[in-house]
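The basis for the numbers below is simple: all heavy atoms, side chains too, and nothing from hydrogens, waters or symmetry mates. Throughout, numbering of the chain's residues begins at 1 and tracks the sequence.
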Amino acid sequence: MAILTELALFPTISAFSGQVPTGSSFSLSSKPNAFPFLSSSAFSHTSKPLKNPLKNPGRWRKRLQCVLEQKEAVAPPPSTAEGEGLNEVLDCVIVGGGISGLSIAQALATKHKDEAKKVIVTEANGRVGGNITTLERDGYLWEEGPNSFQLSDPMLTMVVDSGLKDDLVLGDPNAPRFVLWGGKLRPVPSKPTDLPFFDLMSFGGKLRAGFGALGLRPPPPGHEESVEDFVRRNLGDEVFERLIEPFCSGVYAGDPAKLSMKAAFGKVWKLEQKGGSIIGGTIKTIQESKKNPKPPRDLRLQKPKGQTVGSFKRGLSMLPEAIASRLGGKVKLSWKLSSIKQLDGRGYTLSYDTPEGSLSIRTKSIILTVPSYVASSILHPLSNDAADALSKFFYPPVAAVSVSYSYESIRKECLIDGQLKGFGQLHPRSQGVETLGTIYSSSLFPNRAPPGRVLLLNYIGGATNPGILSKSESMLVEAIDRDLRKMLINPNAEDPLVLGVRVWPQAIPQFLVGHLDLLEAAKGALRDGGFEGLFLGGNYVSGVALGRCIEGAYESAMEVSNFLAKCVYQ
């Protein structure tokens with residue numbers, strides 16, 4: 001039954017890791033309005049609690065239109081001395097200054113500096129960090145993109161190398177996680193001893209899951225399965241409907257009937273492939289790990305207790321800001337890429353519009369960490385086949401809505417020792433609420449809200465609800481508030497303080513059935529076209545979680561390093 005615990009934890013650990021995309025902003029200079037959402041995402045704030053804001057949406061919208069000064073991660077401008085190196089042939093140009101691009105640059109600088117001595121990161125916007133957006137005002141600190149990350153060793157390595165070890169903050173590993181079912185917020189089991197007692201599933205549902213994990217279930221169908229098909233076949237209807245379906249909504253904002261099990265949750269998918277069942281694969285994986293132990297762990301990395309997530313004292317924006325600061329003049333802001341040209345056996349020339357005017361640079365390798373649809377536009381003049389494959393990935397809209405209530409507004413049955421404790425809650429689509437999930441931001445990390453207040457980050461939209469794009473900010477807040485009053489907030493509580501409404505029109509890449517085939521088609525087209533040294537990166541390649549972007553950055557850096565090591569350019 002251990003695997004059931006692991007699966008049960010998916011909705012509450014991974015889903016609350018902040019899955020709004022972490023890629024960079026980018027625009028082709030020849031088409032300045034081709035991707036307007038990257039610079040004009042809905043973003044508004046109120047400076048103080050409004051009197052009956054939900055009952056007077058016109059006034060509320062007017063007040064929201066006052067955009068206040070915000071603290072965002074900004075890299076220092078390049079120095080003149082460092083800019084002079086652009087006349088040389090660079091080892092690598094990383095297009096996109098989101099967390100993926102910055103992390104690849106840092107990985108090259110720390111792990112592969114002998115092969116990649118001359119590296120720059122170019123970003124079309126005037127700030128780094130992509131969709132990582134931390135804001136602070138009046139005692140509140142909130143996120144409007146990703147909200148936290150899982151504590152893998154690659155993630156901790158990036159934190160330490162960025163100089164942020166002392167700024168790391170961790171959530172309580174014992175904090176409960178909840179799923180809405182039958183009108184009640186029900187805790188998800190956090191350890192094996194919880195399995196017999198948690199009421200999110202029936203006794204029969206637990207037995208079905210256990211027997212299925214052992215292999216007493218229909219065999220694989222011989223074709224790529226969706227998440228829904230895989231989970232229903234292996235673990236039964238209740239696991240899917242009450243755990244995995246809300247997990248897919250929380251992580252991908254996706255439709256599990258269309259998401260690929262192999263692409264979206266490859267580690268679990270491989271267990272069945274390896275051992276004939278989920279339990280069989282788990283046993284084989286444990287046996288293999290004993291025969292092939294991992295190398296000694298980096299002594300600089302702390303060892304977190306239990307299953308938890310992390311952030312930083314002043315929010316997630318500290319990470320891209322710290323990386324950009326260490327990279328210094330290697331980060332080029334407001335550089336808009338206009339074209340890429342391949343040179344005969346001599347790498348590539350990239351043309352940019354910059355604050356100092358137009359310029360061209362030569363490089364041995366390029367890695368594109370922009371969203372797939374942006375990469376498609378970049379690559380269209382070079383490879384129609386690669387561009388066509390990349391254009392087919394789907395990014396649904398998601399809105400992040402941050403609101404605050406007084407502690408008196410929380411239902412008493414939702415308090416533990418007089419406090420709102422927990423990571424947050426997820427909401428299956430079948431339960432009659434529109435909100436995908438709610439994170440208890442002020443409970444998860446310290447100093448997120450003033451005393452006596454709770455800060456809640458809510459996500460709404462996704463693949464099954466693209467209609468949020470037609471809704472006003474007031475309508476989104478009304479939907480969030482209406483849902484919260486069904487389960488967490490007293491129906492007669494005061495109206496919330498609205499801190500931020502951020503709409504991401506193209507948010508999280510969907511790893512649909514066929515995703516890996518499309519990705520390989522794009523990579524294959526570049527290989528077959530002779531575009532050596534031109535690589536694809538970012539969350540549609542590595543995975544949507546912030547931690548997976550970091551892990552993917554180390555993988556991409558290794559790929560670039562291996563190429564440069566074989567490079568014969570002088």
### Query
Less than 4.0 Å between a side-chain N and a carboxylate O, is that true for R548 and E551?
yes
### Query
Under 4.0 Å between a Lys/Arg side-chain N and an Asp/Glu carboxylate O for K262 and E272?
no
#### Entry: Cationic N near anionic O, under 4.0 Å, R300 to D161
yes
### Query
Is any NZ, NE, NH1 or NH2 atom of the basic residue among E288 and K274 found under 4.0 Å from an Asp or Glu carboxylate oxygen of the other?
yes
#### Entry: Salt-bridge criterion met for R314 and D167 (N-O under 4.0 Å)
no
#### Entry: Exercise: do Y140 and S442 side chains pair donor with acceptor under 3.5 Å
no
#### Entry: Note: K332-E356 ion pair, threshold 4.0 Å (strictly below)
no
#### Entry: Criterion ring-ring contact (aromatic ring centres under 6.0 Å, His included) on F445 and Y440, from CA distance to verdict
CA-CA 9 Å; F445 300 121; Y440 305 162; over 10 Å; no
### Message
For a side-chain hydrogen bond (donor to acceptor under 3.5 Å, both in side chains) check, start with the C-alpha distance between S372 and Y395, then their side-chain angles and the critical distance, and finish with the verdict.
### Response
CA-CA 9 Å; S372 64; Y395 291 67; 3.2 Å; yes
### Message
Quick one about W142 and E144 (side-chain donor to acceptor, distance below 3.5 Å, no hydrogens or angles considered), yes or no?
### Response
yes
### Message
Can a side-chain donor-acceptor contact be found between S360 and S351 if the only test is distance below 3.5 angstrom?
### Response
yes
### Task
Side-chain contact test, heavy atoms from C-beta onward, threshold under 4.5 Å: evaluate it for L316 versus L546 and give yes or no.
yes
### Query
Do L444 and V309 come within less than 4.5 Å of each other through their side chains, counting heavy atoms only?
yes
### Query
Any side-chain donor paired with an acceptor under 3.5 Å for S391 and Y373?
no
### Query
Taking atom types as modelled and ignoring hydrogens, do the side chains of E555 and S542 form a donor-acceptor contact shorter than 3.5 angstrom?
no
### Task
Taking the six-membered ring for Trp and the single ring otherwise, decide whether the centroids of F312 and F149 are under 6.0 Å apart.
yes
### Query
So, D91 and K364, do they make that salt bridge, N to O below 4.0 Å?
yes
### Task
With side chain to side chain contact (heavy atoms under 4.5 Å, CB included) as the test, would you mind laying out the steps for S365 and L564 before giving the verdict?
CA-CA 8 Å; S365 64; L564 292 173; 4.0 Å; yes
### Task
Could you verify whether a donor N or O on one side chain and an acceptor N or O on the other, from N458 and T438, lie under 3.5 Å apart?
yes
### Query
Hey, which of I104, V541, V95 is the one that makes side chain to side chain contact (heavy atoms under 4.5 Å, CB included) with T369?
I104
### Query
Taking all atoms of both residues into account, what is the closest heavy-atom pair of R177 and P173, and its distance?
NH1-O, 3.4 Å
### Message
Is it the case that the side chains of S311 and R448 hold a donor-acceptor pair, with the cut-off being a distance below 3.5 Å and no angle test?
### Response
yes
### Message
Counting the benzene-type ring for Trp, do Y252 and F511 have ring centres under 6.0 Å apart?
### Response
yes
